[in-house]
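Note that the structure is a prediction, hence the values are computed from the model and not measured. Both counts, for ligands and for their atoms, begin at 1 and track the order of listing.
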Amino acid sequence: MSPAPCLLCFADELPLAHRMAKANGMALAEVERHVFPDGELRLRLPPQLPQHVAVLRSLHQPNTKLLELLLTARTARTLGARHLTLVAPYLAYMRQDTAFRPGEAISQTIVGAHLAQLFDAVLTLDPHLHRVATLAQAVPVRQALALTAAPLLGEWVFRQCPGALLLGPDEESAPWVEAAARAHELEHAVCSKKRQGDRQVQIALPQIDVKGRAVVLLDDIVSSGRTLAQAAQALRAAGARSVDVAVTHALMAGDALQVMASAGVGRVWSTDTVPHASNRVGIAGLLANALAAVTAD
Ligand code: R5P
């Protein structure tokens, strides 16, 4: 019988790794990481690995981490791993899914193919898939599992703000908003969005009277915060009593939180796919259960 599967993690993700290992009883081991003075990396894995190995790496601030994954996956294969799963609570580079101008790299396809060369399975939460229907199209591995945190966020919103209107900032957010609204039949709708640049977006509200209402904006990602800030500003101008925010991935680049607060956002809640002060909804159990199913396959 092969030894039990092992979950490999990096020091900055130990808390989530511990919660996952506790939830599904996997052995946990840390990858030692050293940065040389010139910026190169030296990684060290446990010298003997079981056949089934999962690597936990959430891919916010992704560029160095993609190199870490290359070094980790190739080394794990030499140390006994036969089946490698990437657990990326946040999967980066999924938004650049077409060449918007001639000559642009289609990062989703390139990064997806790169990960598929390294791993047998990929497990993630709420990947931003817009022009492709399934995760397997973006990351062509044998097992590509995209879970969603939307029902957990919906439950959280319902407990904090039972009569809230749940609003997505753009048409792409509709599946998440519908999934979040379902269990408690929360009233929901989506806005429409035009993006002119990294920090320039225009939001048009749906035809719903929001005067005096508590509104919760729900989205997969907050990056610069401009999308939700513009939506909040429009809602406040239309008389919304409160505007709170619930998101899966709190990337929160730069002044995102301040910009949202200045636009009238009150509370901000996120899942812990990306560590942030707004984390309120834990996803360790969801990931651990799915991982147990992948490694048992
Ligand atoms: C894109 O459509 C996503 O769902 C988010 O709305 C977007 O990434 C948020 O970006 P930002 O916070 O920079 O406006």
> ring-ring contact (aromatic ring centres under 6.0 Å, His included): which pairs involve residues 225-265, sequence neighbours left out?
Replying inline: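 The answer is Tyr90-His249.
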>> Check the orientation of Trp156 and Trp269. Use parallel for under 30°, tilted for 30 to 60°, and perpendicular for over 60°.
In response: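 Perpendicular.
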> Between Thr85 and Ala54, is there a donor-acceptor pair closer than 3.5 Å when you use the side chain of the first and the backbone of the second?
Replying inline: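 Such a contact is absent between Thr85 side chain and Ala54 backbone.
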> Are Val190 and Leu167 grouped together when hydrophobic residues (ILVMFWY) are joined by side-chain heavy atoms under 4.5 angstrom apart?
Replying inline: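 Per the 4.5 Å side-chain linkage, Val190 and Leu167 are not co-clustered.
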Write none if no such pair exists; otherwise list each N/O atom of ligand 1 with its protein N/O partner under 3.5 Å and the distance.
| residue | atom | partner | partner atom | Å |
| --- | --- | --- | --- | --- |
| ligand 1 | 2 (O) | Asp170 | OD2 | 3.4 |
| ligand 1 | 2 (O) | Glu172 | OE1 | 3.2 |
| ligand 1 | 4 (O) | Asp219 | OD1 | 3.4 |
| ligand 1 | 4 (O) | Asp220 | OD1 | 2.6 |
| ligand 1 | 6 (O) | Lys193 | NZ | 3.2 |
| ligand 1 | 6 (O) | Asp219 | OD2 | 2.6 |
| ligand 1 | 8 (O) | Arg95 | NH1 | 2.9 |
| ligand 1 | 10 (O) | Arg195 | NH2 | 3.3 |
| ligand 1 | 12 (O) | Ser223 | N | 2.8 |
| ligand 1 | 12 (O) | Ser224 | N | 3.2 |
| ligand 1 | 12 (O) | Gly225 | N | 2.8 |
| ligand 1 | 13 (O) | Ser224 | N | 2.8 |
| ligand 1 | 13 (O) | Ser224 | OG | 2.7 |
| ligand 1 | 14 (O) | Arg195 | NH2 | 3.1 |
| ligand 1 | 14 (O) | Thr227 | N | 3.0 |
| ligand 1 | 14 (O) | Thr227 | OG1 | 2.6 |

>> Under the rule for side chain to side chain contact (heavy atoms under 4.5 Å, CB included), what residues qualify as partners of Gln207, not counting sequence neighbours?
In response: none
Validation: residues 15-31 side-chain donor-acceptor distances under 3.5 Å, sequence neighbours left out:
| residue | atom | partner | partner atom | Å |
| --- | --- | --- | --- | --- |
| Arg19 | NH2 | Asp272 | OD2 | 3.0 |
| Asn24 | OD1 | Met26 | N | 3.1 |
| Asn24 | ND2 | Ala288 | O | 3.2 |

